[in-house]
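Just so you know, these numbers use all the heavy atoms, side chains as well, and skip hydrogens, waters and symmetry mates. Residue numbering restarts at 1 for every chain, and letters A, B, ... go by the order of the sequence lines.
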Number of protein chains: 2
Amino acid sequence: MTEASPSTPDQRLIAAAEAQFRRFGYKRTTIDDITAGAGTGKGSLYLHFPSKQAVYLAVVEASLERFVEAASRLVDGPDPVPTRLRSLVELTIRHYGEDELLSASLFGRSGLVEGEVARVAADVQRERIRSLLRELLVIGQREGSVRANIDVDAAAAVLFELGWAVVRSALEGDHPIPLDRALKTLNELVGLGLLPRNG
Amino acid sequence: MTEASPSTPDQRLIAAAEAQFRRFGYKRTTIDDITAGAGTGKGSLYLHFPSKQAVYLAVVEASLERFVEAASRLVDGPDPVPTRLRSLVELTIRHYGEDELLSASLFGRSGLVEGEVARVAADVQRERIRSLLRELLVIGQREGSVRANIDVDAAAAVLFELGWAVVRSALEGDHPIPLDRALKTLNELVGLGLLPRNG
DNA sequence: TGACTGACTAATATCATAATCTGGTCACTA
DNA sequence: TAGTGACCAGATTATGATATTAGTCAGTCA
């Protein structure tokens, strides 16, 4: 495992950490595992990160950034905002369904991460996604597909909770209602609520 | 504690169990505590309930029934359905804020109950409240204040998740957005989505 | 006879403590 | 001066001995 990859030490540390965290979870991954995987000495890790938790957060943020990048393309897309909103929820379901590291902290249950660390990682994601939604609403207001008098911050928070619930219920197999029905209804309820009064 | 209350044994058992569960939580309450409090022998409890968990569930269901009764008065009230919906969320916040036994299993965190038992108790509540919402939507459709073509089951599920998130965030003091703003926005988004197209 | 009891048991939880592991440090190296 | 790894304190786990308790059932009355 002591290969000398061309990348910088902190990139190799993150890559090694990500591999370990994905396979074994937060608790069962040791600093020694990470540094061995990155081909550095143990002390070097602490030149780049203040703590194990910071390494984990960096890994989560890198993963999250890949999702946000795809989501941003959607947010800037040509469809009407309510349609984009639905696509965003669908993208999230797909992405989080495939990325256990991200879903672990946001939904619990997977055993990859727990407690304080999971909470902090979840907050980072929540905040990022909420701001994505807010951005989408503001765009909608500018182009007239979202009511102008809506409180975008509150609406982003409400939409986040709503989407989060739908995504979680889709991912946890906890289906009281099939996903497509839930999505359709979500769209009808929220879509109309977003539209200008006489669109 | 061996007082002979006039009520039937199972009523006294539930009353004694409720007092213990509220004070000490599920784990720290013993069957001996309950039966001593109810003034019966230990074996008698098992004539009325198959297990400790069943006793706990009976207590939760009794508590829940008191809430549902108050909620039902609201559901059958004179206001337009979206208004009743908001009142229902507010009532839930108030009630669950005051009833730690109910909120314990639904939101965790309180330490009164954990694990499997909490999950089962939460399911009972979820189901009950969801059906309350469904009832409310059907009434709304009948009196014309809710769109006829809405999928009431899916809408009830979605509304439950949403209301649940709002209530939890209100109770946990985890306010990214102040409650009244969240409620107002929730009302605008969902209220409009519920209304008939040209109401 | 059948509602009721409480001594009993198997299983689980609690506790003390010994052994192990690991996040983080720092004197040292190249 | 970036990098290292032996080292340490505190946390975690393993062990085993003790205590608790959910649930049972043979027996007691009314």
Expressed as a whole number of angstroms, how long is the span from R28(B):CZ to dT20(D):P? 13 Å
Y46(B) OH to dC25(D) P, in whole Å, measures 13 Å
Would K52(A) and E116(A) pass as an ion pair if we require N to O under 4.0 Å? no
Can you say whether a donor on the side chain of K52(B) sits under 3.5 Å from an acceptor on the base of dG23(D), or the other way round? no
Ignoring the backbone of S44(B), work out which of dG24(C), dT21(D), dC4(C) is nearest its side chain. dC4(C)
How long is the line joining CG of D32(A) and C1' of dG5(D), in whole Å? 9 Å
Could you pick out which residue, K42(A) or K27(A), lies toward the 5' side of DNA chain D when each is mapped onto its nearest nucleotide? K42(A)
Regarding the side chain of H48(A), the nearest nucleotide among dG3(D), dA6(D), dT21(D) is dG3(D)
Rounded to whole Å, CG of L13(B) lies from P of dT5(C) at a distance of 10 Å
Looking for any heavy atom pair under 4.0 Å, which part of the strands does T29(A) touch: base, sugar-phosphate only, or nothing? sugar-phosphate
Give the nucleotide from the list dA22(D), dT22(C), dT4(D) with an atom nearest to the side chain of T30(A). dT22(C)
Without decimals, in angstroms, what is the distance between F24(A) CZ and dT22(C) P? 12 Å
What is the distance, to the nearest angstrom, from the CD1 atom on I34(A) to the P atom on dG5(D)? 16 Å
Could you pull out all donor-acceptor pairs under 3.5 Å where a side-chain atom in residues 91-98 of chain A meets a protein atom, sequence neighbours excluded?
from: T92(A); atom 1: OG1; to: L88(A); atom 2: O; distance (Å): 2.6
from: Y96(A); atom 1: OH; to: Q125(A); atom 2: OE1; distance (Å): 2.6

In whole angstroms, how far is the C1' atom of dA22(D) from the OH atom of Y56(B)? 17 Å
Is R130(B) salt-bridged to E127(B), going by a charged N under 4.0 Å from an acidic O? yes
Closest nucleotide among dT5(C), dA7(C), dT4(D) to the L47(A) side chain: dT4(D)
Pairing donors with acceptors under 3.5 angstrom, does anything connect the side chains of D32(A) and T30(A)? no
In whole angstroms, the gap separating P of dA22(D) from CG of D33(B) amounts to 8 Å
SB check R128(B) E65(B) (cutoff 4.0 Å): yes
